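The structure under discussion appears below in the form of structure tokens.
Predicted model only: the values in this text are computed from it and were never measured.
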Amino acid sequence: MKYSDFTSAAGLLAKNPPRFAADESREKALFALDRILSEADSETMPAVGRYYRECFDRTLEEVAACTDRIPRIWKIYSSGFIIRDGKRIIGLDINNGCTPPTGRTTVKLKRKQVKALAGILTEYYVTHSHEDHISVELCDDMARQGKLIVMPAESIRRWMVKNGTPAENFHTPGCRTFMKWQGTAEKGLACAMYLFKLSNGKTVFTRGDIFHKEGFEECLENIRLWKENIDYALMSFYFTGGGTPPVDALEAEFKCRYIPSHEWEFSHRVFGLTGCGNTQSYEVLLREFAKPYRDNRVQCLSWGESITLD
């Protein structure tokens with residue numbers, strides 16, 4: 001693997017910037033990234049780490065300089081997002097990069113990058129305590145600045161987050177929260193669903209890893225009780241426990257736009273194996289979101305890319 005492999009794929013993406021529309025040229029660029037990242041041990045290769053950190057630096061510059069009146073969203077690694085809505089800058093499930101259970105990785109942010117991100121964000125939300133969804137260093141930096149940090153109480157305890165706000169009873173005009181388990185219907189890990197209300201009236205939904213049938217159905221029931229709509233959904237297609245798949249459930253009721261997540265999370269790939277492991281590639285995501293994708297309501301964002309939420 002060479003760094004030029006990434007720059008070549010990035011060049012193709014730059015010629016086909018994200019938009020909510022089926023785009024064969026853009027698909028080819030995303031699939032080129034799939035081929036690069038599918039190499040065994042790619043998370044240890046210097047070219048991957050360099051590309052990730054450069055994408056992150058570009059994102060920070062764009063977020064800081066953005067003066068758009070329309071809210072805009074950026075993708076950070078596999079499950080992390082930044083939403084800029086005027087002066088409100090929301091971080092969601094951003095971590096420091098790859099978190100392999102064994103071994104080391106080059107896909108990591110530098111300390112100064114985390115510190116810079118803490119200086120830009122005004123709010124930080126975490127759905128659950130798994131390391132691929134939280135940056136403890138970012139929590140510490142934001143806590144020192146007195147900024148809003150929201151996550152399940154279990155996450156606050158597990159990571160000893162200072163000044164964290166429990167998501168269990170957190171509701172503001174800009175964000176509603178629903179709590180459920182990530183796991184079976186009876187037990188598991190505390191996980192938050194967030195519904196953000198933006199200044200243009202649009203809503204952004206994320207479910208974290210609430211993936212069993214009962215939990216997801218209760219998410220949607222609460223949205224109905226709140227008399228809210230879902231305009232954008234940030235989520236993977238993954239679910240267990242039977243019932244209607246989450247994408248099909250949203251399609252039946254909301255016909256929203258989607259930004260798929262949880263692709264190329266290397267901590268879910270066995271070290272030394274090729275492919276994407278127990279996660280998704282861009283090709284898999286587009287296949288699983290095929291129906292709304294054909295209806296021009298889906299777009300996969302690669303590292304550092306952004307799109308407007310109009």
Side-chain angles (χ1 to χ4, degrees), residues 76-81 83 90-101 121 123-143 147-172 174-197 203-226 228 230 233-246 249-250 261-262 265 267-268 278-279:
I76 304 295
Y77 192 46
S78 67
S79 298
F81 294 92
I83 300 173
I90 302 165
L92 175 63
D93 275 4
I94 299 171
N95 73 343
N96 288 5
C98 179
T99 57
L121 296 180
E123 308 166 37
Y124 179 43
Y125 297 82
V126 173
T127 57
H128 63 288
S129 62
H130 284 167
E131 287 183 273
D132 56 326
H133 291 260
I134 185 172
S135 167
V136 179
E137 292 85 356
L138 180 58
C139 290
D140 291 343
D141 288 341
M142 292 190 68
K147 295 184 176 181
L148 179 64
I149 305 167
V150 180
M151 64 183 67
E154 184 271 340
S155 302
I156 294 173
R157 292 194 301 272
R158 177 175 296 198
W159 295 106
M160 296 187 291
V161 175
K162 296 180 179 179
N163 301 324
T165 298
E168 277 75 358
N169 297 306
F170 181 81
H171 294 287
T172 67
C175 179
R176 287 185 177 272
T177 305
F178 169 73
M179 296 298 303
K180 197 61 180 176
W181 296 112
Q182 181 229 298
T184 67
E186 294 79 27
K187 61 181 180 179
L189 184 72
C191 189
M193 176 218 82
Y194 298 112
L195 185 71
F196 299 101
K197 177 66 74 72
T203 59
V204 178
F205 166 84
T206 186
R207 62 172 183 159
D209 282 357
I210 299 174
F211 51 64
H212 61 269
K213 171 180 177 289
E214 294 84 354
F216 190 72
E217 288 180 348
E218 287 186 45
C219 284
L220 300 189
E221 180 59 30
N222 272 268
I223 290 171
R224 297 183 196 106
L225 291 173
W226 297 334
E228 293 284 4
I230 296 177
L234 317 176
M235 57 186 280
S236 73
F237 63 88
Y238 185 71
F239 76 109
T240 61
T244 303
L250 292 184
S261 66
H262 217 272
E265 174 45 69
S267 64
H268 296 291
N278 188 25
T279 181

**OP:** Give the C-alpha distance, both sets of side-chain angles, the deciding distance and a yes or no for side-chain contact (heavy atoms from CB on, under 4.5 Å) between S155 and V161.
**Re:** CA-CA 8 Å; S155 302; V161 175; over 6 Å; no
Original post:
If you measure from CD on E221 to CZ on F178, what distance do you get to the nearest 0.5 Å?
Top reply: 9.5 Å
**OP:** For A192 and I210, work out which heavy atoms get closest and say how close.
**Re:** C-CD1, 4.2 Å
Original post:
Between atom CG of L148 and atom CD1 of I90, what is the distance when rounded to the nearest 0.5 Å?
Top reply: 10.0 Å
**OP:** Please identify each residue that fulfils side chain to side chain donor-acceptor pair (under 3.5 Å) with E137, with sequence neighbours left out.
**Re:** N96
Original post:
When rounded to the nearest 0.5 angstrom, what distance separates CG in L121 from CD1 in I83?
Top reply: 11.0 Å
Original post:
Of the non-hydrogen atoms in K180 and G215, which two are nearest, and what is the gap between them?
Top reply: CG-CA, 3.6 Å
Subject >> Side-chain donor/acceptor of H130 to backbone N/O of H133, under 3.5 Å >> reply: no
Subject >> Interatomic distance, F216 atom CZ to T244 atom OG1 [nearest 0.5 angstrom] >> reply: 10.0 Å
Extract all donor-acceptor atom pairs below 3.5 Å that involve side chains of residues 162-170 and protein atoms in other chains or at least two apart in sequence.
from : atom 1 : to   : atom 2 : distance (Å)
E168 : OE1    : A153 : N      : 3.1
E168 : OE2    : A153 : N      : 3.3

**OP:** Measure the shortest side-chain to side-chain distance between D209 and L189 over non-hydrogen atoms and say whether it is less than 4.5 angstrom.
**Re:** no
**OP:** Work out which heavy atom in N95 is nearest to a heavy atom in D132; give both atom names and the distance.
**Re:** ND2-CA, 3.3 Å
**OP:** Evaluate the side-chain contact (heavy atoms from CB on, under 4.5 Å) criterion for residues T206 and V204: first the C-alpha distance (whole Å), next the side-chain angles of each, then the deciding distance (0.1 Å), finally the verdict.
**Re:** CA-CA 7 Å; T206 186; V204 178; 5.9 Å; no
**OP:** Using a strict 4.0 Å threshold on nitrogen-to-oxygen distance, state whether K197 and E228 make a salt bridge.
**Re:** yes
Subject >> From CA spacing to verdict: side-chain contact (heavy atoms from CB on, under 4.5 Å), M193, I223 >> reply: CA-CA 10 Å; M193 176 218 82; I223 290 171; 4.3 Å; yes
Original post:
Just checking, any donor-acceptor pair under 3.5 angstrom between side chains of S79 and D93?
Top reply: no
Original post:
If you take all heavy atoms of W159 and S129, which pair is closest and at what distance?
Top reply: NE1-O, 3.0 Å
**OP:** Go through the structure and list residues passing ring-ring contact (aromatic ring centres under 6.0 Å, His included) with Y125, not counting sequence neighbours.
**Re:** Y194, F196
Original post:
Just wondering, do I156 and M151 contact through their side chains at under 4.5 Å, heavy atoms?
Top reply: yes
Subject >> N278 and H268 side chains, donor-acceptor separation under 3.5 Å >> reply: no
Original post:
Would you call E154 and R157 a salt bridge, taking side-chain N to carboxylate O under 4.0 Å as the test?
Top reply: no
**OP:** Nearest 0.5 Å please: distance from the CG atom of L225 over to the CZ atom of R176.
**Re:** 10.0 Å
Subject >> Smallest separation among heavy atoms of Y124 and I94, with atom names >> reply: OH-O, 2.6 Å
Subject >> S135 versus L138, closest heavy-atom pair with distance >> reply: OG-N, 3.0 Å
Original post:
Considering the options R207, H262, E265, which one meets the side-chain hydrogen bond (donor to acceptor under 3.5 Å, both in side chains) requirement together with S236?
Top reply: R207
**OP:** Measure up the Y238 and F211 rings against each other and bin them: parallel (under 30°), tilted (30 to 60°), perpendicular (over 60°).
**Re:** perpendicular
**OP:** List the steps, then state whether side-chain contact (heavy atoms from CB on, under 4.5 Å) holds for L234 with S261.
**Re:** CA-CA 6 Å; L234 317 176; S261 66; 5.6 Å; no
